[in-house]
2 protein chains.
Amino acid sequence: MTTRRAAQRDRTRDDIKHIARQQMAEVGAAGLSLNAIARQMGVAVSGLYRYYDSRDALVTALIIDAFHAQAAAMQAGADAPPRNAYQARMMGAMWGYRSWAVAHPAEFALIYGSPIPGYVAPADQTRPAAARAMTVVYEVLNEAEAMGKLHAPADLPMPPKLLRETGVSLQVAYLGAVGWTRIHGHVTLEVFGHLDGLVTDLEAFYRAECATLMREGGLQPD
Amino acid sequence: MTTRRAAQRDRTRDDIKHIARQQMAEVGAAGLSLNAIARQMGVAVSGLYRYYDSRDALVTALIIDAFHAQAAAMQAGADAPPRNAYQARMMGAMWGYRSWAVAHPAEFALIYGSPIPGYVAPADQTRPAAARAMTVVYEVLNEAEAMGKLHAPADLPMPPKLLRETGVSLQVAYLGAVGWTRIHGHVTLEVFGHLDGLVTDLEAFYRAECATLMREGGLQPD
DNA sequence: CACTATAGTGAATGCTATACACATTTTAGC
DNA sequence: GCTAAAATGTGTATAGCATTCACTATAGTG
């Protein structure tokens, strides 16, 4: 129950992650090097293994952090407008998704880019973190739906397990999935630089797509 | 002007790329290893440098091939229906985009996933290859527009340079960009496994999104 | 047929992750 | 306050990686 040493330990683990994020920003997610981290920390590389079992374990920790960070950005965006301004809240969440991504391209690449060579994410740890983002959206949509402000066309069946476990309606699940794919398409192309020269004003373009999406979902302007 | 030796050389280069693609399918794009390729070819790794200046040079070649392969898949999809069945041709191109991606996930990751650590693509070589896919779409949309079958809302300015260089109209450029972001969002999430459990029937879901897109663009059923 | 350009080899360099044995420091129990 | 245990950190060793270079064997060309 001692916390003197445990606290120190946590601090070191955070230091490692912090430097790792820094390096990712420079050299990219897959270029993460324990040696480089140790060098910057002024410590022997073998010592890092006291804090993370392997490079993969560190990557997993970074992935989970990244999912949480993005979800937090979305939550903040969704919480800013008044409670009953559903469209503004949705817009806030979607804007948070993109803002976080363009501000943290390497961490975005880590969670949504190509999988790292030998690495396989331990689903039991990363899945819950990944689900948090969707939860933010579901929350807003649920409330809008309860107020009768949502009229999305859901002409396709959705996974029963998803509906059961999240408790959302068919239309909420459908709109969530459609919304995510659209939003994500723009964001991932923008972050990886594939929209350069194709679009004039990336922010305006994104906003327009979000507006279209909400119109389609029957979410009226507040 | 001899071609005896040159042909042999080209054949070997293709062999290398072939094995590289094979390995990418197993270990992922960033996990590509010259050593592993040489081992499988039963040759000394240093010998590979006679054919590609570096690992990056090989990667560049694979990227260009991948862009062309996907564009070819789209072209084939667009060419299958009758010339004046514009909606079917668009659908064919979009279906080709996704089909190629799910059939070649590693190569898809190579061109649209997170950038490889130290690697920077030589834009002068990869850009033209990357643009080919969009050209396929532009071609169909141009013809549909000329026939008065396209009514896309283009409420945003598009890059003048793009319009000038491709010769497409504002609405075609706009619909192309919107379409790509949507399509790509679904495909990239599907290929990287992020839609598992979120969507019941991935193909039906994709088709529905494509249909929505074309309806929005004013492309009538043929 | 003889010459030469090329293909291919093996060794060397300097990265990387990881494992292990050892030394040092810090904490906990008495 | 002292001692035993636990945790931290180091140095070394192994194995895999990309890349360079000097060298040899060979195949294509004139």
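In what follows, chains are A, B, ... by sequence order, proteins preceding strands, each numbered from 1.
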Atom CG of A/Asn35 and atom P of C/dA19 are separated, to the nearest Å, by 14 Å
From the candidates D/dC23, C/dC20, D/dT20, the one with an atom nearest any side-chain atom of B/Arg50 is D/dC23
| For the residue pair A/His186 and A/Tyr97, is the inter-centroid distance of their aromatic rings smaller than 6.0 Å? | no
Whole-Å distance, B/Arg55 CZ to C/dG14 C1', equals 17 Å
A/Tyr49 OH to C/dA17 P, in whole Å, measures 6 Å
Closest to the side chain of A/Ala44, out of D/dT10, C/dG10, C/dT18, is D/dT10
Rounded to whole Å, CG of A/Leu48 lies from P of C/dT18 at a distance of 11 Å
Between B/Thr188 and A/Thr188, a side-chain donor and acceptor under 3.5 Å
no
Note to self: When you compare the side chain of B/Tyr112 with that of B/Val191, does any pair of heavy atoms fall below 4.5 Å?
What the structure shows: no
Separation of C/dG8 atom C1' from B/Ile16 atom CD1, nearest Å, is 12 Å
Rounded to whole Å, the CD-P distance (B/Gln23 to D/dA18) equals 10 Å
Exercise for the section: Would you confirm whether the ring centroid of B/His184 sits within less than 6.0 angstrom of the ring centroid of A/Phe192? Expected result: no
Q. How is B/Leu32 classified with respect to the nucleic acid when contacts are heavy atoms under 4.0 Å: base, sugar-phosphate, or nothing?
A. sugar-phosphate
In whole angstroms, the gap separating P of C/dT25 from CD of A/Gln8 amounts to 15 Å
Check your understanding: Checking all strands, does A/Val45 fall into the base, sugar-phosphate, or nothing category for heavy-atom contacts under 4.0 angstrom?
Key -> base
Using a heavy-atom cut-off of 4.0 Å across all strands, would you classify B/Tyr51 as base, sugar-phosphate, or nothing?
sugar-phosphate
- Which part of the nucleic acid does B/Ser54 contact within heavy-atom distance under 4.0 Å: base, sugar-phosphate only, or nothing? sugar-phosphate
Quick one: the side chain of B/Ser33 and the base of D/dG16, do they pair up donor-acceptor inside 3.5 Å? no
Closest to the 5' end of DNA chain C, once A/Arg39 and B/Arg9 are matched to their nearest nucleotides, is B/Arg9
A/Ile37 CD1 to D/dG9 P, in whole Å, measures 15 Å
* **Heavy-atom check, side chain of B/Arg182 versus side chain of A/Thr212, under 4.5 Å** => yes
